[in-house]
Amino acid sequence: MQIEYPEVGEKCVTSYNLLNVNEMLARADGYPNPFGASPDSLCVLTVCRLQEVSKGLLRMVEVHRRLLEAGVPHLWHVVGDGPDRALLEQAIRAQGVSTTFKLHGAIENPFPFYKHADICAVLSRYEGLCGVVNEARGLERPVIATRFAGIEEQIEDGVNGLIVEQDLGAICDGLSSLIRDAELRERLARGGYPRELLNDDAKVDALMDMVSAVRGWPATETR
């Protein structure tokens with residue numbers, strides 16, 4: 001990759017937002033399964049703002065219907081609200097999937113949903129560094145994500161998640177393989193996460209090292 005201003009390269013430090021995974025885990029524990037008693041139904045979870053242009057809501061419903069018609073049973077749950085909820089509800093009715101595609105609205109504590117989901121699907125048309133991917137991976141959930149800016153910093157395809165192209169067929173194929181293959185889901189769930197994203201101590205250390213370099217202090221010891 002070409003660096004536009006190489007003379008400032010050594011002066012730049014990337015420090016990601018703190019995640020506080022321990023707090024996520026604490027907020028996920030001690031709550032009943034929000035999906036109810038359906039042990040034979042695999043649950044796909046999407047957490048997003050209900051905005052069609054960025055999140056691809058209508059495409060999501062189409063993927064769900066196509067997989068059901070292809071004999072790939074699952075339930076799809078969406079946590080979140082937004083300006084296009086009515087549009088999404090209309091698509092759910094039109095596609096005839098009202099019993100299998102569920103909207104939960106805005107939820108103050110989404111972490112029990114993450115904990116009990118079998119798959120987290122992030123099928124946005126565009127994102128930055130996606131907070132939902134951070135949360136899902138912090139709770140060791142397998143993630144399938146479309147290829148958008150930032151996702152390759154978060155997911156190593158086939159190691160700790162699946163990255164699929166911005167194409168309806170590619171999304172269906174990737175999600176179908178993940179739904180059908182329990183061993184793949186388990187492997188991706190345990191596939192780890194980049195230290196610079198997951199480890200809050202490392203993020204603080206990076207900032208402190210930057211300050212130390214400017215002020216001439218000794219570098220922070222790696223924790």
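Since we're looking at a predicted model, the values are computed, not measured. Residue numbers run from 1 in the order of the sequence given.
Taking 4.5 Å as the limit, some side-chain heavy atom of R185 sits within range of a side-chain heavy atom of L42. Q154 places a side-chain heavy atom less than 4.5 Å from the side chain of C130. The closest side-chain heavy-atom distance from L50 to L57 is below 4.5 Å. Using a 4.5 Å heavy-atom cutoff, the side chains of V132 and V143 are not in contact. Two residues are said to be in side-chain contact when any heavy atoms from C-beta on lie closer than 4.5 Å; K102 and I92 fail this criterion. Side chains of V159 and L188 form no contact here, defined as non-hydrogen atoms less than 4.5 Å apart. Using a 4.5 Å cut-off on side-chain heavy atoms (C-beta onward), V122 and I144 make no contact. Contact of the N160 side chain with the R190 side chain is not registered, since no non-hydrogen atoms from C-beta on lie closer than 4.5 Å.
Using a 4.0 Å cut-off between charged nitrogen and carboxylate oxygen, E69 and R66 do not count as a salt-bridge pair. Salt-bridge check for D118 with R141: failed, with every basic side-chain N at 4.0 Å or more from each acidic carboxylate O. Under the 4.0 Å criterion applied to side-chain N and carboxylate O atoms, R125 and E52 are assigned as salt-bridge partners. Ion pair E89/R85 flagged as a salt bridge, since at least one NZ, NE, NH1 or NH2 atom sits closer than 4.0 Å to an Asp/Glu carboxylate oxygen. Taking the charged nitrogens against the carboxylate oxygens, E140 and K115 have no contact shorter than 4.0 Å, which rules out a salt bridge.
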Apply salt bridge (Lys or Arg N to Asp or Glu O under 4.0 Å) to the pair R147 and E152, showing each step before the final yes or no.
CA-CA 8 Å; R147 192 178 299 280; E152 291 182 346; 2.4 Å; yes
Any chance you could lay out the side chain to side chain contact (heavy atoms under 4.5 Å, CB included) test for F101 and L103, step after step, and finish with the verdict?
CA-CA 7 Å; F101 198 102; L103 304 183; 4.0 Å; yes
Show, in sequence, the C-alpha distance, side-chain angles and deciding distance for F113 and H104, and conclude whether the side chain to side chain contact (heavy atoms under 4.5 Å, CB included) test is met.
CA-CA 10 Å; F113 285 84; H104 296 270; 3.8 Å; yes
Take E62 and R59, measure what salt bridge (Lys or Arg N to Asp or Glu O under 4.0 Å) needs, and give me the verdict at the end.
CA-CA 5 Å; E62 175 74 8; R59 180 174 67 177; over 6 Å; no
Check the pair T46 / W76 against side chain to side chain donor-acceptor pair (under 3.5 Å), numbers first and verdict last.
CA-CA 8 Å; T46 294; W76 202 309; 3.0 Å; yes
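Closest non-hydrogen pair, P34 versus H116, comes out as CD-CD2, 3.6 Å. For the residue pair L67 and S176, the shortest heavy atom distance occurs at CD2-CB, 3.8 Å. Here the closest heavy-atom approach between residue V44 and residue A121 is recorded as CG1-CB, 3.8 Å. Contact detail for I151 and A145: the closest heavy-atom pair is CD1-CB, 3.7 Å. The nearest pair of heavy atoms linking T146 to L123 is OG1-C, 3.3 Å. For the pair F148 and Y126, the tightest heavy-atom approach, listed with the atom from each and the gap, is CB-CA, 4.0 Å.
Checking side-chain atoms of Q166 against main-chain N and O of S124 turns up a donor-acceptor pair under 3.5 Å. In this structure, the side chain of D181 engages the main chain of L184 through a donor-acceptor pair within 3.5 Å. Without hydrogens or angle criteria, H74 side chain to V72 main chain gives a donor-acceptor distance under 3.5 Å.
Atoms CG and CG, from L58 and L87 in turn, are 4.5 Å apart once rounded to the nearest 0.5 Å. The CG atom of L162 sits 11.5 Å away from the CG atom of D173 when rounded to the nearest 0.5 Å. Considering CG of L75 and CG of L45, their distance stands at 12.0 Å, rounded to 0.5 Å. To the nearest 0.5 Å, atom CG of residue L178 and atom CD1 of residue I119 are 4.0 Å apart. Atoms CG and NZ, on L88 and K55 in that order, are 13.5 Å from each other to the nearest 0.5 Å. H64 NE2 to M60 CE: the interatomic distance, rounded to the nearest 0.5 Å, is 11.5 Å.
Ring centers of F111 and Y31: at least 6.0 Å apart, outside the cut-off.
Note on ring orientation: taking the six-membered ring where Trp is involved, the planes of F35 and H77 are tilted (angle from 30° to 60°).
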